[in-house]
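Following: one structure in structure tokens, then a few remarks.
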Amino acid sequence: MVPLKRRKLGSSHTGNAGTNSGDEVKFPQVVLFLLERKMGASRRAFLSQLGRKKGFQVQELFSEIVTHVICENNSGEEVRTWLDSQASSRPGAHLLDISWYTESMRAGQPVEILDRHKLQQELQISEAEVIMFSVPSYACQRRTSLENHNTPLTEALSLLAENAELSEDDGRGVAFRRAAAVLKALPSPVTSMSQLKGLPCLGEHSLRVIKDILENGSSIEVESTKNSERYNALKVLTGIFGVGSKTAERWIRAGIHSLHQLQDSGQTLNRAQQAGLEHYDDINQPVTKAEADVIGEIVEKAVVSVLPGAQIVLTGGFRRGKLTGHDVDFLITHPEEGREVGLMSKVVSWLESKGFLLYQKTTRNSYLESKDGPGRPASNIDRFERCFSIFKLAKEKETRTKDPQEVTENRVSAETDQNPNSDKLMNKQTDTPWRAVRVDLVVSPISQFAFALLGWTGSKLFERELRRWAGHERSMSLSSHALFDNKKGRYLRASSEEEIFAHLGLEFILPSERNA
Ligand code: UTP
Ligand code: MN
């Protein structure tokens, strides 16, 4: 803001409201005012002088005759605030960046005002965006692609969500996930808090985090969480396959924060955790789509070998178009209802006999519609026959040919068998010709296949929102097995995802748009 003292000085020194009367006025329609704020007094004086020499009217004082306000390093909002504090101003005055001024100086005349010169553009856009930024409140009503325009914000909120989940605070976890998901669905970057007015799912806490990041570039809460011993210990320990947040919490209370401390502690580990610890580095290294495809070929081979006509589909994050994942998820079915019974154990035996499995645990199908009734809407636990496994995947070699016969035997199994008691974690052999990959296999009867496919494609939040929508908005119960209409008191059958969306009164959302 122009200090009062300077204004008085200016007006007393120049009779013509600040324009240097010694220079010819070439552009009478253009009356300029340079904002001192952030530009500085001496630069302002120098630039004003320059303008006047070139025949521009540059006012020392701001008044309603000013047609162009020139600013440097000010946001549209800042200038607007300053303008509002002035006694009077011309309604249509241009708020311009210094670039318009310097270009005009160079041209020797006022250059055409382009979008990039306009400061008020930011305000106009943000006003437009407040309107644009209206998103439906359920994530399953929105299209959420893999990429979003607000990653600094969504990553920060996702980290807080993860921390809450690791701390068994699911309510808070979901709140942060929903807030992040709303920002993921926005068509452009958020630049000011005013744009967020009226958006759903943005609670006080999330808004505070967003504000900190918009204003300071980072949030103290996020940074301190990221660096906290507790969060990092929870991450390391739950990175062990078979270790959930409850177990990790118990270990942390016993003073265990690292894998070394865990190994020294003498804690008893179950079979899954032992395998998880043994293959820790591999399992915590993202799986690529190319690796998922190779595993897909192997699983397909296994499935059709033991039951011709059976089909497999890649689900989870890869079906949503992700390029990497923490595991690979497959859904298996057979077009004839009932033929899938007993399939999993045969597939697992086949894979085991070929040396593809480092670990596996199969749970039986425990879903019985007549007995179970409609799926509980708030739960994503399903009761399909399921195999949690760790695959032994040959590393891709440059010379490797795409011979389909190759997948029939695991070529690396013989050469790499190691002493199971060796301390692989401490002396990890990084040059093994294979890597460990987490793979989930699920078998579904064809009558439930569409529900299973929808339920296993994710994202987790998208699934949760689908069930919330079904329950709250449609009085229906959705699970990975079935959809039950509570008002009609009957199951709604579907043989495709499209039919399920239609039953729910939702527009169909492609898998690639379910990345909420
Ligand atoms: P994932 O945990 O594998 O997530 O569950 P993802 O989206 O594939 O992510 P990455 O890439 O592996 O990290 C996949 C889907 O399976 C459902 C989840 O809800 C998710 O939508 N799921 C998972 C179940 O329905 N039941 C389970 O027991 C586990
Ligand atoms: Mn997955």
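Order of listing sets the numbers, starting from 1, for every ligand and every atom in it.
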Could you tell me which atoms of ligand 1, counted from 1 in the order shown, lie closer than 4.0 angstrom to a heavy atom of [X]?
X      : answer
Gly317 : 6 (P), 7 (O), 8 (O)
Lys322 : 9 (O), 10 (P), 11 (O), 13 (O)
Arg320 : 7 (O)

[X] and [Y]: side chain donor to acceptor below 3.5 Å:
X      : Y      : value
Ser495 : Glu499 : yes
Thr333 : Gln311 : no
Tyr138 : Glu473 : yes

Can you confirm if the aromatic rings of His481 and Phe451 lie within a centre distance of less than 6.0 Å?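 Aromatic pair excluded; centres sit 6.0 Å or further apart.
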Test Glu465 against every option in Arg177, Arg178, Lys460 by the salt bridge (charged side-chain N to carboxylate O under 4.0 Å, His left out) rule and name the one that passes.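 Between Glu465 and the candidates, salt bridge (charged side-chain N to carboxylate O under 4.0 Å, His left out) is satisfied uniquely by Arg178.
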Side chain, backbone, both or neither: Asp440 near ligand 1, heavy atoms under 4.0 Å: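 For Asp440, no heavy atom sits under 4.0 Å from ligand 1.
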With a heavy-atom distance limit of 4.0 Å, tell me whether His326 approaches ligand 1 through its side chain, its backbone, both, or neither.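 Looking at His326 and ligand 1, atoms from backbone and side chain both fall under 4.0 Å.
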Has ligand 1 got any nitrogen or oxygen that is less than 3.5 angstrom from a nitrogen or oxygen of [X]?
X      : value
Asp329 : yes
Thr457 : no
Gly458 : yes

Once rounded to 10°, what is the value of the angle centred on the Mn ion (ligand 2) between Asp327 OD1 and Asp329 OD2?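 Answer comes to 100°, rounded to 10°.
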Check the angle between the aromatic planes of Tyr359 and Phe241 and answer parallel, tilted or perpendicular using the 30° and 60° thresholds.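 Rings of Tyr359 and Phe241: perpendicular, over 60°.
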Counting backbone and side-chain atoms alike, is an N, O or S atom of Asp440 positioned under 2.8 Å from the Mn ion (ligand 2)?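 No.
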Would you say Arg386 contacts ligand 1, with heavy atoms under 4.0 Å as the rule?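 Arg386 counts as a contact of ligand 1 under the 4.0 Å cut-off.
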Looking at every non-hydrogen atom in both residues, tell me the closest pair between Lys211 and Met193 and how far apart they are.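 Nearest heavy atoms, Lys211 then Met193: CA-SD, 3.6 Å.
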Using a cut-off of 6.0 Å, state whether more than 12 heavy atoms not belonging to Arg493 lie near its atom CZ.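 For Arg493, atom CZ is crowded (more than 12 foreign heavy atoms under 6.0 Å).
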